[in-house]
Amino acid sequence: MSIIETKMEARPAKGRAVPLAKAIGRFLIAAVTTYLGLLAVTFFIGRVVPIDPVLAILGDRAPTHVVERVREELGFNLPLYQQFFIYIKGILSGDFGNSVLTTNPVMTDIRRVFPATIELATLGTIIGALIGIPLGVLAAVRRGSLADQIVRVVGLVGYSVPIFWLALISLVIFYAQLRWVAFPGRIDIVFEYTFTPITGFYLIDSVWQGQWDVFYDVFRHIILPASLLGYFSLAYISRMTRSFMLNELSQEYIVAARAKGLSETRVIWGHALRNAAVPLVTVIALSYAGLLEGSVLTETVFSWPGIGLYITNSLQNADMNAVLGGTIVIGTVFIGINLLSDLLYRTLDPRTRSR
Amino acid sequence: ETPKDTLVEGFAIDDIITMDPGEAFELSTAEMTTNSYSLLVRLDLNDTTKVKGDLAESWSVSDDGLTYTFKLKPGLKFASGNPVTAEDVAWSFERAVKLDKSPAFILTQFGLTGDNVTEKAKAADENTFVFTVDKAYAPSFVLNCLTATVASVVDKKLVMDHIKPMTPSAEYKYDNDFGNEWLKTGYAGSGAYKLREWRANEVVVLERNDNYYGDKPKLNRVIYRNMKESAAQRLALEAGDIDIARNLEPGDLDAVSKNADLAATSAPKSTIYYVSLNLKNEKLKKPEVQQAFKYLVDYDAISSTLIKGIGEIHQTFLPKGQLGALDENPFKLDVAKAKELLAKAGLADGFSVTMDVRNTQPVTGIAESMQQTLAQAGVKLEIIPGDGKQTLTKYRARTHDMYIGQWGSDYFDPNSNADTFTANPDNSDAGTNKTLAWRNTFETPELDKQAKAALLERDGAKRAAMYQDIQKKYLENSPFVFIFQQIEVAGYRKNLKDFKLGPSFDTNFVGPIAKE
Amino acid sequence: MSAALSVENLSVVYDDFHALQDVSIAVASGGSFGLVGESGSGKSTLLRAIAGLAPVKGGAIRVHDQLLQGAKRSKRFYRNVQMVFQDPYGSLHPRQTIDRLLLEPLAIHGIADSEKRIARALDEVGLGNGFRFRYPHQLSGGQRQRVAIARALIVEPSILLLDEPTSALDASVQAEVLNLLEQIRRDRKLTFVMVSHDLGVVTHMCERLAVMRNGAVVERLTSDQLASGDVHEDYTRNLMIASKGFVKTRNADFSNI
Amino acid sequence: MTVPASQPAPMSRREWLLSDRPQSRVQARLGRAYVTWRQFSANKLAVLGLIIIIALLFVAAFADLLATHSPVVGDLKNARLLPPGTGEYLLGTDDQGRDILSRLIYGSRLTLFVVVLVAIISAPIGLIVGTVSGYAGGWVDAVLMRITDIFLAFPKLVLALAFVAALGPGIQNAIIAIAITSWPPYARIARAETLTVRRSDYISAVKLMGASPVRIIIRHVMPLCLSSLIVRVTLDMAGIILTAAGLGFLGLGAQPPLPEWGAMIASGRRFILDQWWVAAMPGIAILIVSLGFNLLGDGLRDALDPKESGQ
Amino acid sequence: MTALLTVDNLKVSYPTRTGVIEAVRGVSFTLDRERLGIVGESGSGKSQTGRAIMGLTPKHGIVTADKLDFNGIDLIQASAKERRLLRGKRIAMVLQDPKYSLDPVMSIGRQICETLRTHEKVSKAEATERALAMLEAVQIRDPKRVFDLYPHEVSGGMGQRAMIAMMLIAGPELLIADEPTSALDVTVQLDVLKILDKLVSERGMGLIFVSHDLRLVSSFCDRVIVMYAGRIVEELRASDLKNAQHPYTQGLLNCMPQIGEDRHPLPVLDRKPEWAA
Ligand SMILES: Nc1ncnc2c1ncn2[C@@H]1O[C@H](COP(=O)(O)OP(=O)(O)OP(=O)(O)O)[C@@H](O)[C@H]1O
Ligand SMILES: Nc1ncnc2c1ncn2[C@@H]1O[C@H](COP(=O)(O)OP(=O)(O)OP(=O)(O)O)[C@@H](O)[C@H]1O
Ligand SMILES: [Mg+2]
Ligand SMILES: [Mg+2]
Ligand code: NI
């Protein structure tokens, strides 16, 4: 959550337009160094986590000689710098290795779990933005009114509620009691062999293949966790929208727009929001990035086979290949979304464009 | 609702790391392997101290107790259609020994090595398999070991198609991997079901094997769905999203048994929960302290709450059902007595000690309960919670004070537990045999000798008596506080017929289950 | 008479923008020098470069015949040279009281009897003790500029750089501040360099002035020359015309509206 | 701007505080505080937040008097999982037969402990890194910001998990882990703010006084970043509580039997179907307290942040 | 002939927590098709007067007047919608600071077209054409290029002219120009004034010219109102400015340094409390 908020400050400084190519070049350097940092941190974590990685591979009941043999096979008996060297060599050749837990290549696993997270986070963000933006606008326009207070409280509660707790409670209510939604997981077991995902985004796949029953089922699975994440991002988006809108509404060009005789609707949606949209896009993009990486708890409660759960699980089993792969993917997403929001910022805000 | 021809189980299967029977040693994998592979012999569920034939029609033991000859049933076929021959059996043994993965010791303890295995486990002819052991062990011991899943018979011809070449090295002397990589997720067996798919942390799917020689399974498909939590399993069971819930906790078990659509079943398992004291800690080293701790567990309260229905108090190391199990529970919560013992040890004012505890139930609950009862005698217990792998790492490095854990028999024979609780040939930190005794720096050479002797006792009754004696001595002097024996429970929908849990994890058969 | 301040062939480059190119000026000790020119011509940049706040690329700056290297300035330098900024609000720290603001230079230079000095400085610029614990936002623009001047004077410099000290002020307040500056200069025998875009203000305050355009000095004059219209550059002439006010002419064609 | 009162006639306390020309440092400071307070207290929700936080402080301070039971010793045999209102158990009991209310009361101490400590550790780190990086610019900025980026790009909870795993469980380590993951945002804020003030005239003016960079950063830049940082930290308090609770929920926060609220939810989670109160009560406690911090922070933002207080 | 605009006893006040701020305290004047200058120091209520006439006082401000009449329309009684329809169409206002008064994310051309299309049903193409013509009329050399520029891409002078174009395109009868030149270089300033001058003399528009520069107003306007602390202290013909009666006006005129004169020290204003009374 806070990652998102702070990235706000990272937006390009107003007024001084940096040429796009230069900006991208700078970005690439930053990205590469960040990657290297991530690598080092992950390696470091892997070595300091007091979990014997061999244990994860063999379990507790393996005899000692087997444990020793595997330890040597994996090079854990080498000095640290050699291990780091081997580790980096593997990564640079594009080989993230196999996950110990699933025996699959890490990238295969990630290709499976990441779409699940993306699908969830995307739907969550869509819900959050579709509701949050109008609420934020309403609150800003009616500043100080009852509506504003209600939006404020709704938003602050969203900030304050432990998401895993809300998830548990809503699971009990909507699944156990009311049976409105489906069981945790992405899809019913019944469809295990009647539905083959192509992209990994089940909602899209099912529509694509015209399997409406599958779509309905998938929807019933995703709607509750997505709504929760949506509420979470709604809280954030509506607050930020309100604050940006207040800022814009106090600007002189709003007075000018009114002086032109524009209708209030046009002033608010056409001018104020259009301007507020510039920072808002960054906020939404980063809130989205936050959901992609930060939904471990939701994924835990909803048994959502996503990347947050995958990394957490791997970490607890010292499956460092998997942790690294996941971290790199999330790092990439973070860097990518940063770049994207930067680009969006540039397209939306003519002030950052140079001629 | 689940489909008519499919059985869906909610089961915590996140421990599975491989499906290769020569490698797998996890509890959930045992169930999958046992349902999809065949063995020479299996445990006799009517009397678990005995075994019965599976692929083997009959067997005999030579008089010197060293040679076991098995005759295979005729006309057996693998799921692939290949015939099951003695050669497959021999190769399966060879493979397990040469791969030398975690469970291989169950076979190698009979003197098998990579160099001699082709001699010691070999096909005399198409239908005859001969197994030679290095000592005149109790036949019950040898046969019990052969019921372990590592002895599963794999389809040599099929596996040979999938071997991966390897470069021999100091650690691994062979030029191929015996299909290990393929079998991790592949299947080459002859059991009632065949393995269709395993997706780690998600699902295991079994499908009916039409080539199975025994009773044909009733259902086409069995799906094990990874569900870690009891409450989730119960919810799904109530909703009909699963047919069987396998990891219910007491509260949910209660609710299931009260539900008209649902039923519960249970079976004691050979898993023992215990608290161990590391003798590296000077205070814990004192025998009086060890005994005092045995009086500082509120067995009654724990049994009626935390483990209600999922375990029963059991204070010895052999689980009920195994040969020679001693059913004696002499300890009760007795703070006065414990205080007396502590005073005798010179620790009347109590002391502080830590305990590593996994973040799972019921161990956390028991640990917290113990924390309270220990406090009554002035012992301040600090719980160090951790993830399973983390506490284990510490336990195996024996840097703990106290540890709460469970121990499941490696194979269904008393020697498995007797050995790990008594053997400690090299108590140095570099010890090569890291038994539970070693992990707690506990040396008991007398009992160890007795256990080794029992191993060679060919008279079943005498053998049983020997183990009972060891357990009695263990009760009086050991740094292990045994608390309870696990009862495996399952809640299921009433439309299931013939669903039963076996006495061990590799005897939970799904073949007989039918749906109405 | 030796120059209190001399700048020779000074160049300042921001990134790749040449803000100043080969600018030279010299101010006699006790003299008052004016800089005029349109917005963006580099007037402020020149002052900032002297004060060590701009990236100097070439040329030499001398203060009392001492050569200054690059943008580094010693603490001693700042006791000699002080600057008053264009924007009276922007140059005062918004979260500090006047008291704190005036205390800061004294603390930095380790000057004792701060109490007395602050009181005197405030008196000098015509602000009573009542203003001492106010925050900048509680002051009017003219008062703020007085505080800024007081702060510059409190370390008793010999050279004062003034960057459009009155451009943000009303005409009425401007007169007060200009009077104050004049008086201080007389009392303390200060050397002034003053920037303005208002020819009237510059001629009122300075004996000599330079006209800048596009980062270069285009003309050097005395006030008297300017007053008598003795200018040579068209650009200077334009500035003079523009400062006279609006002259009604008819040339635009609005028939097509 | 307004006509100054010519005579210091006897004033009411309010007038004294609001005086246009304070007579002393103390008066000036109090006056400012008073104006801020008035602005703050006009916001009813913010006052509610403040009341919640004060109540939390009160409960934490007097936990020994307020709690009716021991937070760690329960009655496993007889009082397990009793519903709220059974006998003396106002909010029911948990699976060890402990009084939930008493646990919540004692748990407030932990919550405060976590929140305060994290704030004390991470806010200064962020402030220093951010201001130094923003003020120094150049390679210092580049290096510090890369480090910040690395910490930001690392999934937060995973990083915390990793650190807790590395350091071993326990509330102190959880605090360190959370602190390690939460300073980068502060650094970002402080840097952004520093960048805007770095070029301002008043910083140039201080430079012109001959102040050293260290002095400028500490005495002039940091105070400016402080109010937005305070607002941010207050708003983050809720996030810290939630992260701590999340760690507790994943079993990595406090050690049992410490009544950490997140851990309480985690252990109550198993009974959520039949004994809902075990998980619901600590959840509600977290909600109330973090709502309190959020309301307070929101109010402070309006009162302190000149940008937001607007008109 | 009735006046174009009649303002009688206009008051604008803002209630705040620390008391009521009276920004405008009873301003009365009439305006015909002429150039009326309003001068006064910063904060004297010039802009607030203009905004009150436009109906652009912020929501929490209170506007009262005995009479506020535009061409027979009672602005006090008019509904919000009626006033909105007047704005831009018949009464327009050039805001004080062009930098902030143009929507930064909308191209200048679009902003001009927007005014037109709000008030007249015209096609896009026609609107564009007229906007281009308007830009040309305000002396912008390359209207086609400027049309597609964004506010930050033009200089202050161009922005100011664009703003004027935007406000003039619907052909208002009354223009309130709030310090349209204070942000500009002296040279650009004259260009802008020329445009305004044209509109009044050739199209008969009424112009209220707000400024704090007495000298400029006196040379540009027909009549001048001098404001101080929310009130009018003096009203006179521009040409009579030199003979102003009120000490405040005189003071303002006197205190500007002039090229070539030698007054040391400069005379300063001695503000008297009774001016504000
Ligand atoms: N920090 C900076 N980075 C890049 N360019 C700068 C910087 N500061 C000033 N400039 C540029 O240098 C030029 C000269 O600026 P300077 O502030 O000296 O002008 P000026 O004559 O003082 O104008 P004004 O009358 O508006 O104050 C301008 O074009 C300005 O854009
Ligand atoms: N929204 C508001 N709330 C409270 N007071 C306000 C508001 N807007 C303006 N004022 C006050 O109204 C008074 C008059 O302001 P106005 O903008 O009309 O001054 P002005 O004569 O245009 O000055 P300038 O020359 O600086 O533009 C000022 O004292 C100002 O503080
Ligand atoms: Mg300047
Ligand atoms: Mg104004
Ligand atoms: Ni000449």
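Letters go in sequence order (proteins before strands), and every chain restarts at 1. Note that this is a predicted model, so its numbers are computed, not measured.
In this structure, the portions of D/Leu295 lying under 4.5 Å from any heavy atom of chain A include both its backbone and its side chain. Both the backbone and the side chain of D/Ile284 come within contact range of chain A, judged by heavy atoms closer than 4.5 Å. Looking at A/Val301, both its backbone and its side chain come within 4.5 Å of chain D, counting heavy atoms on both sides. Heavy-atom distances place no part of A/Thr332 under 4.5 Å from chain D, backbone and side chain included. A/Ile311 touches chain D through its side chain: at least one heavy atom from C-beta onward sits under 4.5 Å away, while N, CA, C and O do not.
Among D/Ile241, D/Val289, D/Leu287, D/Ile288, the single residue meeting the side-chain contact (heavy atoms from CB on, under 4.5 Å) criterion with A/Ser160 is D/Leu287.
The most heavy-atom pairs under 4.5 Å with chain D, out of A/Ala40, A/Ala176, A/Pro162, come from A/Pro162. Between chain D and the residues A/Val172, A/Leu38, A/Leu166, the largest count of heavy-atom pairs under 4.5 Å involves A/Leu38.
Rounding to the nearest 0.5 Å places OG1 of A/Thr34 at 9.5 Å from CG of D/Leu152. A/Leu36 contributes atom CG, which lies 8.0 Å from atom CD1 of D/Ile150 (distance to the nearest 0.5 angstrom). A/Trp165 CH2 to D/Ile286 CD1: the interatomic distance, rounded to the nearest 0.5 Å, is 9.0 Å.
Side chains of D/Asn43 and A/Arg152 form a contact here, defined as non-hydrogen atoms less than 4.5 Å apart.
When the heavy atoms of residues 268-278 of chain D are compared with those of chain A, the residues falling under 4.5 Å are D/Arg269, D/Ile272, D/Leu273, listed by number.
Among all heavy-atom pairs drawn from D/Ile265 and A/Leu168, the shortest one is CG2-CD1, 4.4 Å.
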